[in-house]
Amino acid sequence: MPKYWLMKSEPDVYSMDMLARDGKQNWDGVRNYTARNNMRAMALGDLALFYHSSCEPPGVAGLMRISKLAHPDPSQFDPKSPYYDAKSKREAPRWDMVTVEPVQKAPTFVTLAELKADPKLEGMVVRERGVRLSVQPVTPQHFARVLDLAGLRLKKG
DNA sequence: GCCAACGTTGGC
DNA sequence: GCCAACGTTGGC
C-alpha cells in the first residue's frame with residue numbers, strides 16, 4: 001500500500017516546472033523534525049502532491065513520486081549553504097532528504113482556496129490555519145479527490 | 001508588507 | 001524542564 005504526502009516548496013525557489021525539467025530532485029533544506037520524520041516514513045513509490053507555497057495563489061501544482069528513501073542532506077554540513085546546521089555531526093546527521101521524480105504537472109492548478117472550499121477535503125492538514133508543516137501526510141481519500149480536481153489520473157496498475 | 005501562529009533555543 | 005524570547009512560515 002503506497003502512502004500519500006504533500007510537500008511544499010516556494011516556486012521561486014523550486015517549482016513543479018523545474019522538477020519536470022530536471023527529471024529528479026533531492027528534496028533538501030527541510031529543517032523541521034516533524035517534516036523530517038514524515039520523510040523518513042516514506043517508501044519507494046509513495047506519491048506526493050507538489051504544493052506551491054508563499055506565492056499567489058498557493059496550491060497544488062503537480063504530482064511526484066518518491067524515488068529514493070530518506071538519506072542525509074549534505075547541505076547541513078556546508079557552511080556556505082543557507083541550510084547549514086553547525087550542530088549536526090557527520091557521524092550523526094540530523095537532517096535527511098528524499099529524492100523525488102515528477103509524475104505529471106497538474107493540468108489544472110488547484111488553489112488553496114479551492115482545497116478549502118471542497119467539503120470532501122475536510123480535515124486536510126494544508127487547510128488548517130497556522131499549520132506550516134512542509135511535509136505532511138494525506139489520506140488516500142483526500143489524495144484521490146485532489147488528483148480529480150487537478151485533472152490528474154493515475155495509470156492503472 | 002503585515003503579522004498570527006508556530007517551533008526552537010537558551011537562561012534559569 | 002519550564003517558558004520567554006526569538007526567528008520563521010506562509011496566508012492574506
Side-chain angles (χ1 to χ4, degrees), chain A residues 3-22 25-42 46-66 69-100 102-103 105-139 141-152:
Chain A
K3 293 184 292 291
Y4 302 101
W5 310 94
L6 179 147
M7 301 172 79
K8 298 180 187 175
S9 176
E10 299 185 20
D12 292 347
V13 178
Y14 199 74
S15 69
M16 183 67 207
D17 282 337
M18 296 179 203
L19 178 61
R21 175 198 66 201
D22 294 343
Q25 178 69 15
N26 289 318
W27 204 268
D28 64 358
V30 172
R31 295 294 180 271
N32 170 283
Y33 288 103
T34 305
R36 182 205 65 184
N37 291 343
N38 284 336
M39 288 199 295
R40 288 183 174 175
M42 290 175 177
D46 280 3
L47 294 169
L49 302 169
F50 194 134
Y51 179 89
H52 285 180
S53 65
S54 294
C55 60
E56 185 52 46
V60 173
L63 179 63
M64 57 193 177
R65 179 185 294 113
I66 307 308
L69 297 178
H71 53 292
D73 174 353
S75 68
Q76 68 196 299
F77 305 121
D78 178 3
K80 291 190 288 260
S81 168
Y83 305 125
Y84 178 60
D85 182 351
K87 292 180 181 170
S88 185
K89 301 291 169 227
R90 280 185 183 278
E91 60 273 21
R94 197 179 273 197
W95 304 113
D96 283 354
M97 60 186 185
V98 293
T99 305
V100 299
V103 175
K105 179 180 174 173
T108 305
F109 185 90
V110 185
T111 68
L112 177 60
E114 289 162 349
L115 296 175
K116 286 183 171 177
D118 193 315
K120 292 184 177 165
L121 296 178
E122 199 163 332
M124 205 177 169
V125 178
V126 74
R127 301 191 352 165
E128 286 167 33
R129 183 162 184 263
V131 174
R132 31 186 240 201
L133 186 60
S134 66
V135 180
Q136 33 179 281
V138 177
T139 68
Q141 293 79 7
H142 288 164
F143 199 88
R145 177 62 178 160
V146 175
L147 291 191
D148 205 33
L149 294 173
L152 289 161

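The analysis underlying the following values was restricted to heavy atoms, covering all of them including side chains, and did not include hydrogens, waters or symmetry mates. Per chain, numbering begins at 1; letters A, B, ... match sequence-line order.
Of the residues listed (Val60(A), Val103(A), Leu19(A), Leu63(A)), the one engaging Phe50(A) in a side chain to side chain contact (heavy atoms under 4.5 Å, CB included) is Leu19(A), and it is the only one.
The CH2 atom of Trp27(A) lies 15.5 Å from the CG atom of Asp96(A); values are rounded to the nearest 0.5 Å.
The local environment of NZ in Lys105(A) is sparse, with at most 12 non-hydrogen atoms from other residues, nucleotides or ligands closer than 6.0 Å.
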Ignoring hydrogens and angles, write down the donor-acceptor pairs under 3.5 Å from the side chains of residues 120-131 of chain A, residues two or more places apart or on other chains.
| residue | atom | partner | partner atom | Å |
| --- | --- | --- | --- | --- |
| Arg127(A) | NE | Leu121(A) | O | 3.3 |
| Arg127(A) | NH1 | Leu115(A) | O | 2.9 |
| Arg127(A) | NH1 | Lys116(A) | O | 3.2 |
| Arg127(A) | NH1 | Asp118(A) | O | 2.9 |

Please enumerate all protein N or O atoms sitting under 3.5 Å from an N or O of nucleotides 7-11 of chain B, with distances to 0.1 Å.
| residue | atom | partner | partner atom | Å |
| --- | --- | --- | --- | --- |
| dG7(B) | O4' | Arg132(A) | NH2 | 3.4 |
| dG10(B) | OP2 | Lys87(A) | NZ | 3.0 |

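For the pair Pro137(A)/Tyr4(A), no side-chain contact is recorded, criterion being any heavy-atom separation below 4.5 Å from C-beta on.
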